[in-house]
Amino acid sequence: MPELPDVEGFRRVFVSCAKGRVIRQVDVRDAGVLHGVSARRLREALEGRRFTGAERHGKWLLARTGGPTLGLHFGMTGLLVCARPGEEAAPHDRVVFTVGADRQLRYRDQRKLQGLWLAEDESAVERLLAHQGPDALAVDRERFEAALCARRGTIKTVLTNQSVVAGLGNLLADEILWRARVRPSTHSNDLTEADRRRLYTQMRRTLRSAVPTGRVPPRDSWLTGHRDTPSPHCPRCGELLRRSRMGGRTTVWCAKCQ
DNA sequence: CAGATTGTTCTCAT
DNA sequence: TATGAGAACAATCT
C-alpha cells in the first residue's frame with residue numbers, strides 16, 4: 001500500500017504524535033520486523049531520548065532523536081498509528097513507542113515485508129538510503145529527464161525503480177503514465193522530449209494532489225478509481241482498460257489514450 | 001485450492 | 001553490462 005503520499009501521511013502522524021516527546025518505552029512485540037538491530041539494542045538506544053522530528057525520502061521515513069536515527073519502511077501493508085497507552089494493541093502492532101505521558105506511536109504491519117532499522121550515525125543513514133534515487137517530489141526536471149534517458153527498460157519499471165526516482169509505487173506509476181498519455185510498455189530511452197516533459201509535469205501534479213490525502217485517492221476522475229472495478233473503463237474516454245503484468249506487477253492502462 | 005496483493009531484493013537467463 | 005522474469009519474504013483475501 002504505502003507509496004510516497006502514504007509515507008508523507010505517516011510523517012504527519014509521527015509529527016503530531018511523537019515529535020518533541022520523550023521516548024518512555026519501546027515495546028518490541030514482534031522482533032521479526034527489526035533489521036540489523038536487536039530488541040534490546042533498540043530499547044537501549046531510544047529509551048530516554050526524545051523524537052526531534054522526521055524526514056521522508058521516497059518511501060523511507062527517518063525518525064530523528066539527536067542520537068541514533070530510526071529508519072522505517074512500510075513495505076506493502078505497514079502503517080503508523082497514534083494511540084493512547086490504554087488502548088488495546090491491534091494484532092499487527094509490531095513495535096509500540098510510548099512517547100510522553102499518554103501517547104503511543106505504533107508501527108503496525110500485517111505482512112512484515114519491511115520494518116525498522118536503527119542507524120547509529122549519519123553514515124549509517126546514508127547507507128540506508130544508498131540505493132535511493134532523488135525523491136520524486138524534490139527531483140528537478142533536468143535530473144528527472146536525464147534519468148529517463150539513461151534507462152532502456154520499459155517506462156513502467158523505470159518509474160517504479162527506487163534507484164531512479166524514489167517514492168513511486170505501482171498505483172502512482174500507472175496513474176502518472178495514464179495522465180501523461182504514455183504507454184507503460186514504451187522503453188524509457190524511446191520517449192520523446194514531449195513525453196518526458198508530460199511525465200514530469202503529471203508526476204508533480206499527481207503527487208501534489210495525493211499527498212494531502214495521505215494515499216493515492218481512488219477518485220472517479222483518476223485511473224486509480226477504476227482499476228479495481230469489475231469491468232474497468234477509462235474515466236477519460238470510456239474505453240475498456242487493459243491489464244497486464246510488467247516487472248511482476250499488475251499494470252493497468254488505456255490502449256486508446258495511451 | 002489457486003492466485004492475487006499498492007514493496008524490495010536476490011538469482012538466473014537473455 | 002543492463003534488463004527482465006521469477007522467486008522469496010509473510011499474511012491475508014477472493
Side-chain angles (χ1 to χ4, degrees), chain A residues 1-10 29-36 56-62 71-80 89-95 107-117 127-133 135-136 146-179 184-191 203 206-207 209-211 213-219 222-232 241 243-253:
Chain A
M1 175 180 167
E3 306 183 54
L4 186 154
D6 307 78
V7 181
E8 190 59 25
F10 303 150
R29 307 172 61 88
D30 183 341
V33 299
L34 301 185
H35 296 262
R56 182 193 56 73
H57 184 100
K59 301 173 188 173
W60 280 94
L61 191 65
L62 300 175
L72 304 93
H73 197 295
F74 301 92
M76 207 105 90
T77 50
L79 70 160
L80 222 40
H92 301 115
D93 283 342
R94 311 294 186 182
V95 181
Y107 177 83
R108 183 175 299 173
D109 188 14
Q110 176 191 106
R111 283 169 66 183
K112 301 191 284 189
L113 285 174
Q114 299 293 322
L116 307 185
W117 282 252
R127 286 196 295 278
L128 272 188
L129 301 182
H131 301 292
Q132 300 290 301
D135 184 77
L148 297 192
C149 290
R151 293 279 168 165
R152 297 182 304 178
T154 63
I155 186 61
K156 168 62 188 266
T157 59
V158 168
L159 287 180
T160 51
N161 183 337
Q162 303 302 296
S163 69
V164 175
V165 59
L168 308 182
N170 197 39
L171 292 191
L172 275 171
D174 283 359
E175 188 69 44
I176 292 163
L177 287 163
W178 175 76
R179 289 188 181 206
S185 56
T186 313
H187 284 264
S188 192
N189 58 340
D190 285 341
L191 294 167
M203 175 176 75
T206 306
L207 287 172
S209 82
V211 158
T213 320
R215 62 188 293 203
V216 187
R219 289 182 198 140
W222 290 39
L223 179 72
T224 307
H226 295 260
R227 60 182 298 148
D228 292 324
T229 60
S231 167
L241 293 170
R243 178 180 292 266
S244 73
R245 280 184 94 72
M246 299 189 62
R249 329 297 314 180
T250 298
T251 299
V252 175
W253 81 100

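Convention: sequence-line order gives letters A, B, ...; per-chain numbering from 1. Keep in mind that the numbers below use all heavy atoms, side chains included, and drop hydrogens, waters and symmetry copies.
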Write down the distance separating the [atom1] atoms in [N] and [M], rounded off to the nearest Å.
N	M	atom1	result
B/dT8	C/dT1	P	25 Å
B/dA4	C/dA5	P	15 Å
C/dT3	B/dT6	P	23 Å

Tell me: [atom1] of [X] to [atom2] of [N], nearest whole Å?
X	N	atom1	atom2	value
A/Trp60	B/dT8	CH2	C1'	10 Å
A/Gln132	B/dG7	CD	P	13 Å
A/His131	B/dG7	NE2	P	19 Å
A/Leu79	B/dT5	CG	P	21 Å
A/Gln114	B/dC10	CD	P	11 Å
A/Asn189	C/dT1	CG	P	19 Å
A/Leu128	B/dT9	CG	P	11 Å
A/Asp228	B/dT5	CG	C1'	10 Å

A/Asp93 meets the salt bridge (charged side-chain N to carboxylate O under 4.0 Å, His left out) criterion, sequence neighbours left out, with A/Arg106, A/Arg108

Quick one: salt bridge (charged side-chain N to carboxylate O under 4.0 Å, His left out) partners of A/Arg219, sequence neighbours excluded?
-> none

Backbone of A/Leu148 reached by a side-chain donor or acceptor of A/Ser188 within 3.5 Å | yes

Which donor-acceptor pairs under 3.5 Å do side chains of residues 110-117 of chain A form with protein atoms, sequence neighbours excluded?
from: A/Lys112; atom 1: NZ; to: A/Asp30; atom 2: OD2; distance (Å): 2.9

Just jot down the side chain to side chain contact (heavy atoms under 4.5 Å, CB included) partners of [X], sequence neighbours excluded, or say none.
X	answer
A/Asn189	A/Arg152, A/His187
A/Gln132	A/His57, A/Trp60, A/Leu129, A/Gln162, A/Ala166
A/Arg249	A/Met76, A/Asn170

If only side-chain N and O atoms of A/Arg151 are considered, is one of them under 4.0 Å from the OP1 or OP2 phosphate oxygen of C/dT3?
-> yes

Side chain to side chain donor-acceptor pair (under 3.5 Å) with A/Thr229: which residues, sequence neighbours excluded?
-> none

Can you list the residues that meet the ring-ring contact (aromatic ring centres under 6.0 Å, His included) rule with A/Phe74, with sequence neighbours excluded?
-> A/Phe10, A/Tyr107

When every nucleotide of nucleotides 7-13 of chain C is labelled 5' to 3' by its protein contacts under 4.0 Å (heavy atoms), B for base, S for sugar-phosphate only, - for none, what sequence of letters results?
-> --BBBS-

For A/Gly247, report the nucleic acid contact type (base, sugar-phosphate, nothing); a contact means any heavy atom under 4.0 Å.
-> sugar-phosphate

Mind checking A/Gly153 for me? I need base, sugar-phosphate or nothing, with any heavy atom below 4.0 Å counting as a touch.
-> sugar-phosphate

Kindly state each residue pair satisfying salt bridge (Lys or Arg N to Asp or Glu O under 4.0 Å) with at least one member in residues 157-174 of chain A, sequence neighbours excluded.
-> A/Lys156-A/Asp174, A/Asp174-A/Arg227

For DNA chain B, find the residues of residues 156-174 of chain A with a heavy-atom distance under 4.0 Å and give them by number; none if there aren't any.
-> A/Gln162, A/Gly169, A/Asn170, A/Leu171

Go through the steps for A/Arg94 and A/Leu34 under the test side-chain contact (heavy atoms from CB on, under 4.5 Å), then give the verdict.
-> CA-CA 9 Å; A/Arg94 311 294 186 182; A/Leu34 301 185; over 6 Å; no

Stem ranges of DNA chain B by first residue number, counting only runs of at least 3 Watson-Crick or G-U pairs under 3.5 Å, come to B:2-5 with C:11-14, B:7-14 with C:2-9

Within a strict 4.5 Å, meaning less than it, do heavy atoms of the A/Asp135 and A/Leu4 side chains meet?
-> yes

